[in-house]
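Take a look at the structure below.
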Amino acid sequence: MGLMRRPAWWSVLLTVAGVLVFIRLGIWQLHRADYKDELLRRYAAAASAPVQAFDAVAGQPPLDAYPRVRVQGRYLADRLYLLDNPKHDSLGGVEAYAPFQPMNQHKLLLVDLGFLPGNGTDKAPQLPPLPTNVQTLQGTYQPPPGTGLELGGNALAQQTQWPKTSIYLDLGQVAKDLHAALYPRVLALDPDPSAIYVRVHALDLSSMPPARHRAYAFQWFTFAVAAVVMFVVLHRRKPRLKRDD
């Protein structure tokens, strides 16, 4: 007598299909983790990459690459944006962004000036004035920080004084606020020992980092194992009790 009773065909089909789906989802999550690890490696390598002209990559930046560029132009010095979503220190602070008009271009480039630490209060840090003369900037041309659900709608449209503050930085909202077209990426300036800003930039994968993908992969593989275990338990023969004569 076997330990398992014959299962119905549909139970076998459902179990096999479920296990295959769970395994496929787990493998997909592992591939996503590897892909994002590669993105992080490319971003780290960009810090030592040769500098190229901004015009060469401005409108159509290379996919999954982060070129270092040099661009000349002027700041719109009175139009600062503060990202009130700090990740640099326990005191809080803001990441400051300024629109920049490249020479002989009609679009604006949003420049990540860097992080200004907070002072332990709800007040924004004191911002140093930006130069108004022609500047030559150098940094990494990278995607803007991630956006999310901003309760209360477009925070920029609701403010009338500068600098404007938001917990998310949406390039579409910034372009509408400035009444101008923006380039599809932002310029994260290279570190400068003389600058008041902290320029320690990172690729924003906080919503779904590689480690989270691997955690989800483990979860899917666990579901596959659980499906097999449930199938075995549900189709195991129950031992018969011996009857006393």
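No experiment lies behind these values; they were computed from the predicted model shown.
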Do [X] and [Y] come within less than 4.5 Å of each other through their side chains, counting heavy atoms only?
X: Phe231; Y: Val12; result: yes
X: Leu108; Y: Arg79; result: no
X: Leu113; Y: Leu130; result: yes
X: Leu110; Y: Tyr97; result: yes
X: Met208; Y: Tyr216; result: yes
X: Arg74; Y: Thr132; result: no
X: Tyr66; Y: Leu39; result: yes
X: Arg214; Y: Asp34; result: yes

Next on the checklist: Would Phe223 and Val21 count as a side chain to side chain contact (heavy atoms under 4.5 Å, CB included) here? Give the steps.
Outcome noted: CA-CA 10 Å; Phe223 288 164; Val21 169; over 6 Å; no
Next on the checklist: Applying side chain to side chain contact (heavy atoms under 4.5 Å, CB included) to Asp177 and Tyr81, what does each step give before you reach the verdict?
Outcome noted: CA-CA 11 Å; Asp177 192 54; Tyr81 294 94; 2.6 Å; yes
Under 4.5 Å between side-chain heavy atoms, hopping through other hydrophobics if needed: is there a path connecting [X] to [Y]?
X: Leu25; Y: Leu30; value: no
X: Val57; Y: Leu187; value: yes
X: Leu182; Y: Trp162; value: yes
X: Ile196; Y: Leu127; value: yes
X: Phe100; Y: Val134; value: no

What distance separates [X] [atom1] from [Y] [atom2], expressed to the nearest 0.5 Å?
X: Met103; Y: Asp55; atom1: CE; atom2: CG; result: 11.5 Å
X: Arg32; Y: Lys36; atom1: CZ; atom2: NZ; result: 5.5 Å
X: Tyr35; Y: Leu40; atom1: OH; atom2: CG; result: 10.5 Å

Next on the checklist: Please identify which of these residues, Leu156, Leu82, Leu83, meets the side chain to side chain contact (heavy atoms under 4.5 Å, CB included) condition with Thr165.
Outcome noted: Leu82
Checklist entry - Salt bridge between Asp84 and Lys164, side-chain N to carboxylate O under 4.0 Å? => result no
Please check if the side chain of [X] supplies one atom and the backbone of [Y] the other of a donor-acceptor pair under 3.5 Å.
X: Arg199; Y: Leu189; answer: no
X: Arg70; Y: Gln138; answer: no
X: Tyr75; Y: Pro131; answer: no
X: Gln29; Y: Ala33; answer: no

Item to check | salt bridge (charged side-chain N to carboxylate O under 4.0 Å, His left out) involving Asp190 - partner list, sequence neighbours excluded | outcome: Arg68
What pair of heavy atoms forms the shortest contact from [X] to [Y], and how long is it?
X: Thr15; Y: Ala227; result: CG2-O, 4.0 Å
X: Ala188; Y: Asp112; result: CA-CB, 3.9 Å
X: Arg185; Y: Ala65; result: NH1-O, 2.7 Å
X: Ala96; Y: Tyr197; result: CB-CE2, 3.7 Å
X: Gln52; Y: Pro67; result: NE2-CB, 3.2 Å
X: Pro144; Y: Pro184; result: CD-O, 3.8 Å

Checklist entry - In this structure, are over 12 heavy atoms from other groups packed under 6.0 Å from Met230 atom CE? => result no
Checklist entry - Between Phe54 and Tyr183, what is the ring plane arrangement, given parallel below 30°, perpendicular above 60°, and tilted in between? => result perpendicular
